[in-house]
Amino acid sequence: MQTAENRWFETTNYNFAFLDEGSKREIRRKTLKAVAIPGYQVPFASRELPIGRGWGTGGLQLTLSLIGKKDCLKVIDQGNDDSVNAVSIRRLVMETTGVTTTEETGEATLIQTRHRIPEETLREDQILILQVPQPEPLRRVEPSEEVTRRQHAEMDYSAKWLQLYENIVKWGNITIGADYPVMVQQRYLMAPSPIPRWDNPKIHQANYLSLYGAGREKKIYAIPPYTDVVSLHFEDYPFEVESFTGKACRHCGSTHTFLDEITDERTGEKLYQCSDTAYCKKRQKEQRGTEVSHGN
Amino acid sequence: MAIEPLQMSKGMTESIEKEIPLVTVKGLSKQFGSGCEYCSTPSHEEKEGNRCKHCGSIWAVRDIDFELYPGEILGVVGESGSGKSTMIRSLFLDEEVTNGSMTVSTYNKGKINIFNASAQQKRYIRNHVMGMVYQNPYLGLRMTFSSSGNIAEKLIAADNFHVGKIRERASELLDKVEIPISRMDEPPKNFSGGMQQRVQISKALANNPPLLLLDEVTTGLDLSVQAKVLDLIRSLQRELNVAMIVVSHDLGVIRMLADRTMVLRQGLVVEKGLTDQILEDPQHPYTQLLVHSLL
């Protein structure tokens, strides 16, 4: 019978941050290369982890190889701090490192995220680590890895542009929702991971380091601070983010954040709330604070 | 109505005075296979054949030299396996050549051997300096994308990022090759073979290249469609003054299009000269055979 005591694996048997030092060093070396060539996908030897490939192993390996005893970690899943994925990853790192974790964006030194960038602007001393399912922006238009590598080398991105053109011809608009391709420092076409278009402008000339890890596809890439990141667009069809005009968060009333749409099952009514739960909670707290001070 | 006397414009006389070839190819050779010490250089002996007895490597193209002048059409004939397709694929940089040089006067003033250019430069050359029409439209077109999109791909590769202008140019080109504008957003897989070939031609012409390479464009099309495509090629050459290299095994096509003709056999040029000369008075036994087999 499993008891509460023996249910967890014996963390003391493992190295600090689960991976052995050799593996961590390899990942850090590949990360440095990725930082040196913004937007270029660096192959790395993706390690086995106690979670399945495709469940955030790329991001997790980056986190584990970078984390130190003094770090403070935040893990989010589509803006959410307490979904199953975020909780499991956070616990794995906590138990194998003993670092502190937080939900507060401002407090974290490392932020591992799946498919969102926090609403709060990060600082220079923070690192954002994104989980990536498909690192190759050209994969949808070219199935062969050999060919896409050559296309990157030759900066031959007309196939991706053609996809956007076909969108416009067929639907009158570019229909790519998440994972909208970006051009990094006028050189490499890059998949920003399936973040909503809303988050794309945040990466341009950002003051922090963003690292992208794809565990299943075994690739690491990076956007160093102050890098040009431009979403693809035609001269007469500019890039647009999602619009939430006339909608506000039902909890904090925000009109300047990315909103999730949910349906009330009983009434069938459409409701909107902040996708970044930590930011939403912070705003609610502030609002209560001001209410209290008003009351005084 | 008075007929105006034929006068040479100023530009014409100038170009005649100092005619510079658009394309100069020297010593173009292509070997398939690993090669060995016995076949390190292609033999020029016709009787020897192009296959090495020791290692089985094949010199598909052996030491071809030619020049092509602006607005001229050069025909290349030969039986299957004579190296026609390898030659034209080498010229379009689809194939790495073994030896030889090629310069184009409009690219870096003809000072650079295009065969040695970097991959990025080669891509630029393929998009700006040359257009290619393949025998099989599946090689030259993206069948599931729209026809205008096929042209757009070329225009985008040449840094045009304005959808309105791209569509304007695409409809202009499709109109020129008589594809109805109402069908410009249909995928070429919906089209007949002749229409697909015309879409391919308009795609090849998208960036106004001075050189167009045509590989067996009319093979497999029925006669009336063949005539239409040939007509189109002729009128494009007159209107746009594009130089062309036309590869065909069909002497009728060569007779109709080419000013000058090269006859290829086993990778060697066995005869070259003015097209009518070659067709009326063939000198080489193989050319004689070819001309006399014409039905």
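Lettering of chains follows the sequences in order, A, B, ..., and the numbering in each one begins at 1. Source: prediction; values computed, not measured.
No other option in A:V169, A:D156, A:L232 has as many heavy-atom pairs under 4.5 Å with chain B as A:D156. Ranking B:S146, B:A157, B:S118 against chain A, the residue ahead of the rest is B:S146, based on heavy-atom pairs under 4.5 Å. Chosen from B:K154, B:Q120, B:K165, the residue pairing most often with chain A at heavy-atom distances under 4.5 Å is B:Q120.
Heavy atoms of B:S148 lying under 4.5 Å from chain A belong to its backbone as well as its side chain. Neither the backbone nor the side chain of B:L155 comes within contact range of chain A; no heavy atom of the residue lies under 4.5 Å from a heavy atom of that chain.
No hydrogens or angles considered: a donor-acceptor pair under 3.5 Å links the side chains of B:Q200 and B:Q197.
Residues A:K160 and A:E142 are not paired through a salt bridge, judged by the lack of any N-O separation under 4.0 Å between the basic side chain and the carboxylate. Contact check on B:E153 versus B:K203 returns a salt bridge, with a Lys/Arg side-chain nitrogen under 4.0 Å from an Asp/Glu carboxylate oxygen. Under a 4.0 Å N-O distance rule, the pair A:E261/A:K247 does not qualify as a salt bridge. Between B:E96 and B:K122 there is a salt bridge, since a side-chain N of the basic residue sits under 4.0 Å from a carboxylate O of the acidic one.
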